[in-house]
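Just below is one structure, and these are the notes that go with it.
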Amino acid sequence: MRLVLLLPLLTISQKAASQVLERTVEEWMRYRDECYKRMASTPHPSGLHCNRTFDMYACWPDGTPGTITYVPCPYYLPWFQKVSHGLLSQRCGKDGLWVKGNRSQAWRNVSQCEDDTEVTAEEVETRDLLLSFRALYTVGYSVSLLTLISALLILTMCRKLRCTRNSIHANLFASFALRAVSVIVKDVLLAKRWGMQITEVSDWEVLISDQAAIGCRIAQVVMQYCILANHYWFVVEAVYLYKLLIGAVFSEKNYYTLYLYLGWGTPVLFVVPWVTLKYLKENSECWALNENMAYWWIIRIPILLASLINLVIFMRILKVILSKLRANQKGYADYKLRLAKATLTLIPLFGIHEVVFIFATDEQTSGILRYIKVFFNLFLNSFQGFLVAVLYCFANKEVKSEIHKKWRLWQADRKALVCPR
């Protein structure tokens with residue numbers, strides 16, 4: 001049977017469903033072991049009888065031929081409290097064999113043990129809304145990934161575009177691309193895991209084992225690392241622009257090494273302790289649950305710090321630009337102002353929504369506020385990579401000029417091959 005038949009997933013979120021599933025499978029295994037012990041310790045009756053058995057659903061004692069055998073509903077069912085007084089029934093044939101159903105399996109009546117909770121229109125609407133959210137961020141990350149890969153190829157393959165500024169852009173693109181890949185891979189792994197066919201007892205054990213969750217845990221760790229890298233590479237963008245605008249004299253080569261440590265190294269300082277605590281204290285499922293919010297703040301505090309730094313630099317850059325414009329420095333309106341325009345567009349995008357929702361976690365919000373938060377977070381996070389690539393690459397005049405030159409050279413070479421002199 002498919003796993004989704006066991007749990008009414010329409011009425012609970014995926015995170016809650018995973019908790020219920022893990023608890024249900026553990027209880028089922030305990031119920032199975034108790035059944036086997038009971039069957040081994042109970043004396044066998046003499047004469048013709050239907051053999052005791054565990055049919056993967058319930059534990060059946062020996063049956064008397066020509067009668068119906070009743071057993072209580074299994075206690076591992078998630079809705080057991082509702083059906084605790086219910087009974088399962090199975091008919092023992094006169095030949096000493098359990099009566100078979102349509103598919104050559106033992107027939108049983110489970111009507112008193114079924115969950116009769118009806119799915120309401122509101123629950124269906126909520127499910128459809130969450131599915132639309134998933135479609136939204138899947139499209140967003142896919143579009144961002146394709147755009148970022150294109151932008152990375154342009155910046156790395158065009159020699160004239162190789163400079164510290166574009167190297168910083170390329171690192172920012174790479175962090176967003178890795179984040180998009182980790183999100184997509186995590187969703188694929190989760191869909192594969194929860195959609196697996198359950199045919200053997202060992203499948204249940206595999207399903208809840210740590211080995212089955214390793215893939216999505218790795219994707220979760222990479223995603224958290226890339227989220228931090230996004231923010232700290234944008235801090236690098238803001239710092240570099242600020243130094244550029246104030247005309248600071250510095251060695252770009254030496255500072256670029258520091259930028260690498262800040263962009264790629266800083267996230268490690270926070271991800272490593274978070275992974276350690278998750279492994280030791282909350283080592284369940286894909287590490288997406290936040291049972292102890294103190295562990296989650298190990299990730300959130302550096303994000304909030306980066307957002308606040310970006311907003312402070314944003315204000316400083318605005319002050320510098322306004323002072324330069326007031327001084328009528330016409331020559332200033334060159335690539336520096338174009339870079340400033342792109343950065344000033346992105347800093348509020350990166351900073352404000354993080355600051356606004358930083359204290360409104362999924363566990364602390366409910367109702368319409370939670371859906372609003374989820375929508376804005378998913379929309380902005382999934383399309384940020386696309387916006388970054390467009391503003392820092394495709395809308396850049398230098399890039400467009402270089403692409404135009406390459407295009408003209410390619411056309412000229414093509415004409416020379418088609419029409420040689």
Side-chain angles (χ1 to χ4, degrees), residues 1-12 16-120 123-124 127 192-209 211-212:
M1 62 178 174
R2 274 201 173 269
L3 187 62
V4 291
L5 295 179
L6 184 63
L7 293 174
L9 298 182
L10 298 179
T11 60
I12 50 180
S18 63
Q19 285 183 315
V20 172
L21 175 62
E22 186 172 349
R23 187 165 55 249
T24 300
V25 174
E26 289 175 352
E27 288 292 298
W28 177 85
M29 294 171 68
R30 185 163 68 91
Y31 179 87
R32 177 201 62 183
D33 293 342
E34 290 176 356
C35 178
Y36 286 145
K37 288 180 182 179
R38 192 182 311 120
M39 288 192 297
S41 61
T42 304
H44 288 271
S46 58
L48 186 66
H49 63 276
C50 292
N51 289 328
R52 63 193 69 178
T53 183
F54 175 64
D55 63 358
M56 304 289 288
Y57 185 82
C59 188
W60 299 94
D62 297 309
T64 303
T67 64
I68 296 177
T69 302
Y70 294 92
V71 296
C73 294
Y75 63 73
Y76 65 80
L77 295 174
W79 50 86
F80 177 70
Q81 295 299 326
K82 299 179 183 178
V83 297
S84 57
H85 300 293
L87 295 173
L88 288 166
S89 61
Q90 189 171 199
R91 182 179 294 277
C92 179
K94 293 181 178 180
D95 55 357
L97 297 174
W98 296 108
V99 175
K100 301 290 184 181
N102 295 332
R103 297 183 179 180
S104 299
Q105 295 179 345
W107 171 87
R108 61 172 179 254
N109 182 359
V110 298
S111 59
Q112 295 185 31
C113 298
E114 292 179 341
D115 182 20
D116 58 357
T117 303
E118 294 184 3
V119 179
T120 64
E123 290 167 346
V124 173
R127 181 201 60 181
K192 182 179 179 181
R193 187 182 181 196
W194 299 124
M196 68 178 290
Q197 293 280 351
I198 304 298
T199 57
E200 302 291 339
V201 175
S202 58
D203 291 339
W204 292 103
E205 298 170 346
V206 169
L207 183 67
I208 64 170
S209 66
Q211 288 76 11

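Everything numeric here is computed off the predicted structure, so don't read it as measured data. Just the heavy atoms: all of them, side chains too, but no hydrogens, waters or symmetry mates, feed the values below.
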Is it true that a side-chain atom of Trp60 and a backbone atom of Val71 form a donor plus acceptor pair closer than 3.5 Å?
no
Quick one, His44 and Arg52 - any side-chain contact, counting heavy atoms below 4.5 Å?
yes
Supply the atom-to-atom distance Glu114 CD to Cys73 SG, rounded to the nearest 0.5 angstrom.
9.5 Å
Residue pair Tyr76 / Met29, side-chain heavy-atom distance below 4.5 Å
no
For residues Pro74 and Leu88, report the shortest heavy-atom separation together with the two atoms involved.
CD-CD1, 3.8 Å
Is any side-chain heavy atom of Thr42 less than 4.5 Å from a side-chain heavy atom of Pro61?
no
Quick check: closest heavy atoms across Cys92 and Val99, and the distance to 0.1 Å?
C-CG2, 4.5 Å
Kindly say whether Leu77 contributes a backbone atom to a donor-acceptor pair with the side chain of Tyr31 at under 3.5 angstrom?
no
Not counting sequence neighbours, which residues clear side chain to side chain contact (heavy atoms under 4.5 Å, CB included) with Ile68? List them please.
Tyr70, Ser89, Arg91
Parallel, tilted or perpendicular, as decided by the 30° and 60° cut-offs, for the rings of Phe54 and Tyr36
perpendicular
With the side chain counted from C-beta on, respond yes when Trp98 and Asp55 share a heavy-atom pair under 4.5 Å apart, and no when they do not.
no
Give the minimum heavy-atom separation between Leu48 and Lys94, together with the two atoms involved.
CD2-O, 3.3 Å
Report yes or no: does Arg108 contribute a side-chain atom to a donor-acceptor pair with the main-chain N or O of Tyr57 at less than 3.5 Å?
no
For Glu34, check side chain to side chain donor-acceptor pair (under 3.5 Å) against everything at least two apart and list the hits.
Arg30, Tyr75
Working to the nearest 0.5 angstrom, can you tell me the gap between Leu97 CG and Cys50 SG?
6.5 Å
Set of residues satisfying side chain to side chain donor-acceptor pair (under 3.5 Å) with respect to Asn51, sequence neighbours excluded
His49
Any Thr64 side-chain heavy atom under 4.5 Å of Pro45 side chain
no
